Amino acid sequence: MNKLAHWGQAPLEVLQVLGRYGLNFFERLGRGHIFMAYVMMGLKEVVQRWQLVVIQIFSVGVLSFVIIVISGLFVGMVLGLQGYNTLVDFGAEESLGVLVALSLVRELGPVVAALLYAGRAGSALTAEIGLMKTTEQLSAMEMMAVDPLHRIIAPRFIAGIISMPLLAAMFSAVGVFGGYFVGVGLLGVDDGAFWSQMQDAVDLRDDIFNGVIKSFVFGIAVTWIAVFEGYDTVPTSEGISRATTRTVVNSSLAVLGLDFILTALMFNE
Amino acid sequence: MLQSKFIETVVGVFIAIGLAALLMLSMKVSNLSSLASEDGYVIKARFLNIGGLKIRSPVKMAGVVIGRVTDIYIDEKTYDAVAELTIDDDFNNIPEDTSANIYTAGLLGEQYISLAPGGEETYLEAGGVIKITSDAVVLEQLIGQFLYSKAAGDNKGDL
């Protein structure tokens, strides 16, 4: 085909490649949505077998706990350190609490927690489901008239949605204490001013509630991508590795893109 | 069985920690306590210029926060700025001849409304209007006036 191509046909070929990528993209997008619709139909079974969700919350949420808490602590400490160095030039180091709390609650908490969650739990979900597909465990389930979308995917999806806001809240809370530790403990910012200015500036509805909504949306996006990529794996060992990579890359990009949209919607006053 | 009991317990702890973190964020980091007392009564104050006053700016009396600015709009007839102040129900004895000033907290801080109580026996009720107000100090105007008077003073010296 390439050898036959006349130079006049080259632009057409470029268009054809572009079209193929476009079609592939939209085909995957459509399959992802149909997939999600089927998973949603399994919600009734999930409620009946709550045990399955609990086990998944363990592997998705509890096992991500340590990395979230440690990262939150260090992010908060770095924020405290950097914020102090900037604010002290303006004699406004008392506002350190505001800076740390607002950046964590509005942005860093949901976003960094979601990125860590995508790396820690999302990739594991994809690999697990992908291997189940490759070793034909999913087909075996179908043979036994058990719908893997309801039995395998739905509990994992629900567990991810439940875990993500909790993890983001932990991240933010630990981060605030990290900032407190550095700012008040090491750099000598006034204890009372740190908390009172923070309480004055942070609004429950505008900041904290919106942060929770963000992490909720990220939880849906990351878990959705992870389970879909797992279920859509090409059933080879290379396919699993590609699917896992795609999960981390796509869900990270999705989180960052969604974050921009949500921020523009929420905080434009 | 033991295994699943262990997992359930750990998941319970995990969810409890997550909820505790949310609770800590709302109680300790945000203004939940001051949000709860947000219902109060609304009074209005008219200004020629409100400067950098914003919705949610504090309303203070003797330095104590007694309410918040809940709305700011332009009176279409007089072109005055009207600020609606929601005052806590606890402070229901603000005299009618109270005056409102817009001050700035610190040199670069945010602006707030300071109420200075008058001596009347009758009190402002919901929907009441504060009649005595003074406008926000705009820094550029102040500097302009200062330079102007300085220049005028210098000329006098020359004469």
Side-chain angles (χ1 to χ4, degrees), chain A residues 50-51 53-65 68-69 72 90-92 94-95 97-98 100-102 104-105 109 159 162-177 179-180 194-209 211-212 215 269, chain B residues 1-39 52-60 63-73 86 104-113:
Chain A
W50 194 242
Q51 185 68 28
V53 179
V54 172
I55 294 170
Q56 290 310 319
I57 291 180
F58 178 80
S59 68
V60 162
V62 176
L63 295 182
S64 310
F65 175 76
I68 290 282
V69 165
F90 305 103
E94 262 76 37
S95 304
V98 181
V100 170
L102 277 187
L104 276 169
V105 171
I162 293 174
S163 303
M164 187 64 240
L166 296 175
L167 289 171
M170 291 174 198
F171 188 96
S172 300
V174 172
V176 168
F177 279 111
Y180 173 82
F194 185 90
W195 289 114
S196 70
Q197 293 220 11
M198 184 193 297
Q199 282 161 4
D200 223 30
V202 180
D203 189 70
L204 180 71
R205 199 173 45 225
D206 287 348
D207 297 318
I208 299 206
F209 189 59
V212 172
S215 57
E269 307 215 7
Chain B
M1 199 60 213
L2 189 78
Q3 179 75 5
S4 94
K5 207 170 209 173
F6 169 75
I7 287 180
E8 275 174 2
T9 315
V10 175
V11 168
V13 171
F14 170 75
I15 292 180
I17 292 176
L19 293 181
L22 267 181
L23 197 71
M24 176 263 167
L25 284 177
S26 29
M27 301 302 284
K28 184 122 186 167
V29 175
S30 89
N31 51 358
L32 184 64
S33 42
S34 64
L35 202 76
S37 62
E38 203 159 84
D39 38 62
L53 199 70
K54 292 190 195 79
I55 290 173
R56 285 200 57 76
S57 293
V59 177
K60 297 184 185 181
V64 180
V65 177
I66 60 167
R68 300 260 166 203
V69 177
T70 43
D71 198 10
I72 297 172
Y73 55 89
T86 303
T104 308
L107 195 56
L108 301 166
E110 62 168 358
Q111 295 197 299
Y112 64 94
I113 291 186

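Every heavy atom of this structure was used, including side-chain atoms; hydrogens, water molecules and symmetry mates were not. Naming convention: chains lettered A, B, ... in sequence-line order (proteins, then strands); numbering from 1 in each chain. Remember, it's a predicted structure, so these values are computed and weren't measured experimentally.
Of the inter-residue distances, the one linking Met170(A) atom CE with Met24(B) atom CE reads 13.5 Å to the nearest 0.5 angstrom. Of the inter-residue distances, the one linking Leu25(B) atom CG with Leu204(A) atom CG reads 10.0 Å to the nearest 0.5 angstrom. Atom CD in Gln56(A) sits 9.5 Å away from atom CD1 in Ile7(B) (nearest 0.5 Å). Note: Leu63(A) CG to Phe14(B) CZ = 9.5 Å, rounded to the nearest 0.5 Å.
Pairs engaging residues 8-21 of chain B under the side-chain hydrogen bond (donor to acceptor under 3.5 Å, both in side chains) rule: Gln51(A)-Glu8(B) [sequence neighbours left out].
If you measure heavy-atom distances from Val105(A) to chain B, the contacts under 4.5 Å come from the side chain alone. Residue contact with chain B, scored on non-hydrogen atoms closer than 4.5 Å, involves the backbone and the side chain of Ile57(A) alike. Proximity to chain B (any heavy atom under 4.5 Å) is restricted, for Phe177(A), to the side chain, taken from C-beta onward. Both the backbone and the side chain of Val54(A) come within contact range of chain B, judged by heavy atoms closer than 4.5 Å. Using a 4.5 Å cut-off between heavy atoms, Val212(A) contacts chain B through its side chain alone, with no backbone atom that close.
Closest approach of Gly18(B) to Ala169(A), counting heavy atoms only: O-CB, 4.1 Å.
For the side-chain hydrogen bond (donor to acceptor under 3.5 Å, both in side chains) test, no residue two or more places apart in sequence or in another chain qualifies with Tyr112(B).
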